[in-house]
Every structure is written in C-alpha cells, then in structure tokens.
There are 2 protein chains.
Amino acid sequence: MTIGTAAPRRTRIQQEKRELILEAALEVFSANGFRGSTIDQIAEAAGMSKPNLLYYFRRKEDIHETLMQRLLDTWLAPLRELDDIGDPLTELRSYIRRKLEMARDFPRESRLFANEILQGAPRIMPLLAGELKTLVDEKAAVIKGWMRAGKIAKTDPWHLIFSIWATTQHYADFDVQVRAVLGPNRGGDGRFEDAARFLEQLFLDGLKPKGSASSK
Amino acid sequence: MTIGTAAPRRTRIQQEKRELILEAALEVFSANGFRGSTIDQIAEAAGMSKPNLLYYFRRKEDIHETLMQRLLDTWLAPLRELDDIGDPLTELRSYIRRKLEMARDFPRESRLFANEILQGAPRIMPLLAGELKTLVDEKAAVIKGWMRAGKIAKTDPWHLIFSIWATTQHYADFDVQVRAVLGPNRGGDGRFEDAARFLEQLFLDGLKPKGSASSK
DNA sequence: CAAATTTTTGACCGATTGGACAAACGTTAG
DNA sequence: CTAACGTTTGTCCAATCGGTCAAAAATTTG
C-alpha cells in the first residue's frame with residue numbers, strides 16, 4: 001500500500017513480544033484513553049519492564065499508531081463486505097448484524113476508536129479524510145443504486161451509514177450506561193439479542209403501527 | 001433535594017468566577033477528557049492563575065463533579081418532557097428533533113458525557129444506576145402504554161431510547177468523523193438538517209420501499 | 001482614614017510521567 | 001572457552017502534574 005515505508009526485518013521473539021505489547025496496549029488504551037494511559041501500565045499488563053517495552057516500541061505514540069492502523073482494517077471489514085450482489089434489504093440487515101456482533105465481540109477496539117475520534121482524531125485524521133471517506137463514498141453509491149432501483153426507500157445513504165455505526169457501536173462504547181439503565185435482569189447477556197431484534201425492526205419498518213408491515 | 005449538603009454561602013465574585021471556571025473547564029474537559037486535561041489548561045482558558053483557580057475549586061475533581069451534576073439535568077431535559085399527552089408519533093418525533101438540536105448546540109456537553117461513560121463512568125456511576133435509570137424506566141413505561149394502545153409499533157422501549165441517544169449524539173461525539181466523511185460540501189452547516197430529515201424517516205418508516213408509506 | 005476580609009500570585013513541593021542509557025543477562029556460533 | 005548478538009533491567013533524568021503556602025494585592029467594612 002504505502003510506498004517508502006520499508007517493512008523492518010524482525011526476529012521471531014520480536015514478533016511475539018510486539019503482539020503481546022499490542023494486546024496489552026489495547027486493553028489499557030481502550031479503558032483509559034491515550035493520555036490517560038501510562039507506559040508502565042501497558043508494560044505491567046504485558047508482563048515486562050518499561051525499558052523492555054521501550055526496546056520494542058521506542059515511543060508511546062508508536063504503539064498507539066500501530067494499533068490504530070491494524071484496527072482500522074478489522075473495523076471496516078463489515079462495510080467492505082457490503083456488496084451489490086444479493087437482496088439489498090438482506091444485505092443491509094446482515095451488515096447491521098455484523099456490526100452489532102463486532103460491538104459485542106470487540107468492545108475494546110470500538111472504545112479505542114471512540115476515544116480517538118472524541119478527542120478530535122489528532123492521530124488518524126488523514127485516514128478518516130482519505131481511506132475511510134473513499135470507502136464510505138463508494139458504499140454510499142451502491143446504496144444509492146438500490147434506492148434508484150426502488151429496492152429500498154429513498155433517503156440519505158451517508159446518514160444511513162452513520163446511523164448504523166451509531167446504534168451498533170453504542171452497545172460497546174456506552175456499555176456501562178446501557179447496563180446501568182437496563183439493570184441486572186435485562187442488562188445481562190441477552191441484551192445483544194434484544195438489541196439485534198430491535199435494530200432489525202427499526203431499520204426495516206420504523207415505528208409506525210400496523211399499516212402493511214412485515215412482508216415475506 | 002439532598003439533605004446534609006448545606007449550600008455554602010458565596011460572594012458575588014465567587015459566583016462569577018466559579019461560572020467562568022466551569023465554562024473553561026467544559027471546553028477543556030470535553031476536548032481532552034478528565035485525565036487528559038490539566039488545571040493549568042483550565043486556568044489559562046479561564047484567564048487566571050492556577051493557584052487562583054484552586055482558590056475557588058480546591059481539587060480538580062471538584063470542578064468535574066460540579067460540571068457533571070449540572071449537565072445531567074440539562075442533558076435529560078428533553079427526555080423529561082416526553083409526555084403522555086399528545087400524539088405518540090409526534091411526541092417521539094419532537095423528542096428526536098430536540099435531542100439532535102442539543103447535539104448541534106451543546107456538543108461540548110455531549111462529549112463530556114461521552115468521555116465519562118467511555119472510561120467506565122467512574123465518577124457518575126451512582127447517577128446512572130439511580131436517577132437516570134429511574135427516568136428511563138418511567139418513560140419506557142409511557143412508551144409501552146403507546147404500544148399497547150396500538151399507537152406505535154410494538155418493540156423494546158429501552159432500546160428505542162438507546163437508539164435515539166446513539167443516533168443524535170453521534171453528530172456531536174463523532175463530529176470530526178462525520179465531517180471528514182461528508183467532505184467540505186455535504187459536511188457544512190447543512191448536515192444537521194440532512195440528519196434531521198434522515199432520522200425522521202428512519203424512525204417513522206424504516207427502510208422498506210414504497211409499501212404503504214407516509215400517511216396523513 | 002485604618003482595620004478586617006477576600007482575592008490573587010510567585011515560589012515551591014512531592015509524585016508521576018515519558019524516555020535515555022549503560023550495564024548485565026542470555027543465547028548461539030565458532 | 002569466547003566473541004558476537006539479541007534481550008532485559010536498574011538507574012537516572014528532565015518535564016509535567018496536582019496541589020500547598022505565605023505573602024502581596026485588592027476589596028470591603030467600620
């Protein structure tokens with residue numbers, strides 16, 4: 001992809017230790033934010049001393065940057081899979097489901113991004129205006145095609161994507177609030193199934209009563 | 001309300017300076033989070049020296065705590081206004097509109113809360129499980145009544161509220177991302193009107209095409 | 001005016017931070 | 001064994017942090 005960034009040669013130990021550090025850093029950064037996290041915390045979570053950690057990543061920012069670059073790919077994978085083949089409504093429904101599953105299975109990754117964006121995305125702004133915008137514009141065009149073909153209701157594709165991001169990631173980023181409000185009973189493990197059912201209904205039929213609801 | 005917390009007597013200057021500090025702190029905290037903000041930053045934003053600021057608020061946490069208590073009332077005002085009188089669909093639509101207006105007009109307040117929740121809400125957890133849960137449960141009961149009466153579609157009221165929070169606050173909390181993706185043209189001042197139109201359609205009719213769409 | 005009180009500030013402190021560095025340790029190859 | 005190389009750590013440092021304190025400055029009170 002990027003030219004000029006020669007991939008450095010690494011020993012087997014370096015590979016493993018770097019992975020260990022990144023895993024620990026994900027845990028710490030996602031819980032405390034970048035400035036709220038210390039190298040010592042990450043080192044302890046990785047089971048090594050601070051100077052040893054700094055032997056593998058020379059600066060705190062390097063860890064964060066590496067994490068972000070890797071995560072962006074994982075995070076956008078569901079959107080990349082949104083394809084023009086297949087039934088549009090089914091395609092959107094499975095996109096929503098997959099995003100919700102990611103919020104459930106990778107909440108740390110979600111919070112890491114949320115933290116970064118919340119504080120103005122100082123470290124990944126170029127990625128947002130570049131890679132991300134390109135991808136979204138591309139998928140928005142696909143969705144627009146579906147609308148023109150009368151397969152789904154006509155509306156703003158960009159804001160549609162935003163609303164899917166917002167509603168699904170909410171269950172990762174605002175997890176403590178969701179659980180506090182739902183209480184011990186409804187806030188247990190079943191909350192993601194409840195959310196999935198609700199979101200499917202919301203995005204397909206909205207809130208209007210009866211009318212000519214569920215087809216097929 | 002709370003007994004035992006005697007309201008301290010304050011001079012006119014103390015009132016004004018405390019307001020000045022809280023305004024500055026809102027700016028700084030919302031942009032950098034609690035741990036990412038320094039007393040010096042807040043003091044400079046308030047136009048005073050650090051010791052002078054600490055004369056009005058003895059600890060950094062006191063500023064944050066005072067901010068949070070005040071903001072929670074403002075922030076939940078739209079939900080409090082959700083009433084059983086009037087047409088349910090109209091009531092919900094105006095709630096969504098008001099929440100979106102708050103995201104537009106008070107983005108710093110939104111980000112302040114988002115920052116706090118993201119990091120596990122260590123300082124306001126009691127408020128979430130107490131005051132907030134009570135309010136949401138109460139309004140969920142109102143919405144449930146509408147569903148039983150066939151006024152709106154049957155679905156989960158709690159997750160409905162979550163989805164309204166998520167979609168509207170997204171435009172404050174993830175503002176930089178929204179603007180980066182929409183670009184200079186669509187990301188300008190008109191983005192909130194676009195969002196309002198989209199959200200109204202989403203929550204009322206969903207994405208299913210044609211069918212028996214907009215009534216009235 | 002002068003005394004009392006409130007407000008403001010410069011200087012300072014201990015703790016924590018990100019990071020540097022040389023020495024020690026471990027491993028492998030000859 | 002020993003030289004070379006990769007890995008690990010104890011120690012240290014300058015910068016920054018939240019917060020203290022005494023004294024100066026401003027304001028209010030009599």
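The structure presented is a predicted model; accordingly, all values stated were derived computationally and were not measured. Reminder, nothing fancy here: chain letters follow the sequence lines and each chain counts from 1.
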### Message
So does Val28(A) get a backbone contact from the side chain of Ser37(A), meaning a donor-acceptor N/O pair under 3.5 Å?
### Response
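Yes, the answer is positive, given that a donor and an acceptor are paired below the 3.5 Å cut-off.
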
### Message
For Gln41(B), I'd like to know if atom CD has over 12 heavy atoms of other residues, nucleotides or ligands within 6.0 Å.
### Response
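Enclosed: over 12 neighbouring heavy atoms sit under 6.0 Å from CD of Gln41(B).
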
### Task
Taking atom CG of Asp189(B) as the centre, report whether more than 12 heavy atoms of other residues, nucleotides or ligands fall under 6.0 Å from it.
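No, not enclosed.
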
Distance, rounded to the nearest Å, where [X] contributes [atom1] and [N] contributes [atom2]:
X	N	atom1	atom2	value
Tyr56(A)	dG6(D)	OH	P	12 Å
Arg18(B)	dT6(C)	CZ	P	16 Å
Lys17(B)	dA26(D)	NZ	C1'	11 Å
Phe57(B)	dG19(D)	CZ	P	13 Å
Leu53(B)	dT9(C)	CG	P	11 Å
Ile42(B)	dG18(D)	CD1	P	8 Å

Taking the side chain as every heavy atom from C-beta outward, state whether [X] and [Y] have any atom pair closer than 4.5 Å.
X	Y	answer
Leu132(B)	Val181(A)	yes
Glu91(B)	Asp83(B)	yes
Ile143(B)	Ile161(B)	yes

### Message
Five pairs per end, C1' atoms only: what is the angle between the end axes of the helix from dC1(C)-dG30(D) to dG30(C)-dC1(D), to 10 degrees?
### Response
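End-to-end axis angle for the helix from dC1(C)-dG30(D) to dG30(C)-dC1(D): 10°, rounded to 10°.
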
### Query
Can you name the residues that form a ring-ring contact (aromatic ring centres under 6.0 Å, His included) with Phe29(B), not counting sequence neighbours?
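ring-ring contact (aromatic ring centres under 6.0 Å, His included) check on Phe29(B) returns Phe34(B), His64(B).
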
If you compare every side-chain N and O of [X] against the phosphate oxygens of [N] (OP1, OP2), does one of them come in below 4.0 Å?
X	N	answer
Tyr55(B)	dT7(C)	yes
Asn52(B)	dT9(C)	yes
Gln14(B)	dT6(C)	no

### Query
When the ring planes of Phe174(A) and His170(A) are compared, do they come out parallel, tilted or perpendicular, using 30° and 60° as the limits?
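Rings of Phe174(A) and His170(A): parallel, under 30°.
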
### Query
With the sugar-phosphate defined as primed atoms, P, OP1 and OP2, and the base as all remaining atoms, what B/S/- string results for nucleotides 14-20 of chain C, 5' to 3', for protein heavy atoms under 4.0 Å?
---SBBB

### Query
Would Arg18(A) count as a cation-pi partner of Phe57(A), with NZ or CZ less than 6.0 Å from the six-membered ring centre and within 45° of the ring normal?
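That pair qualifies as a cation-pi contact.
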
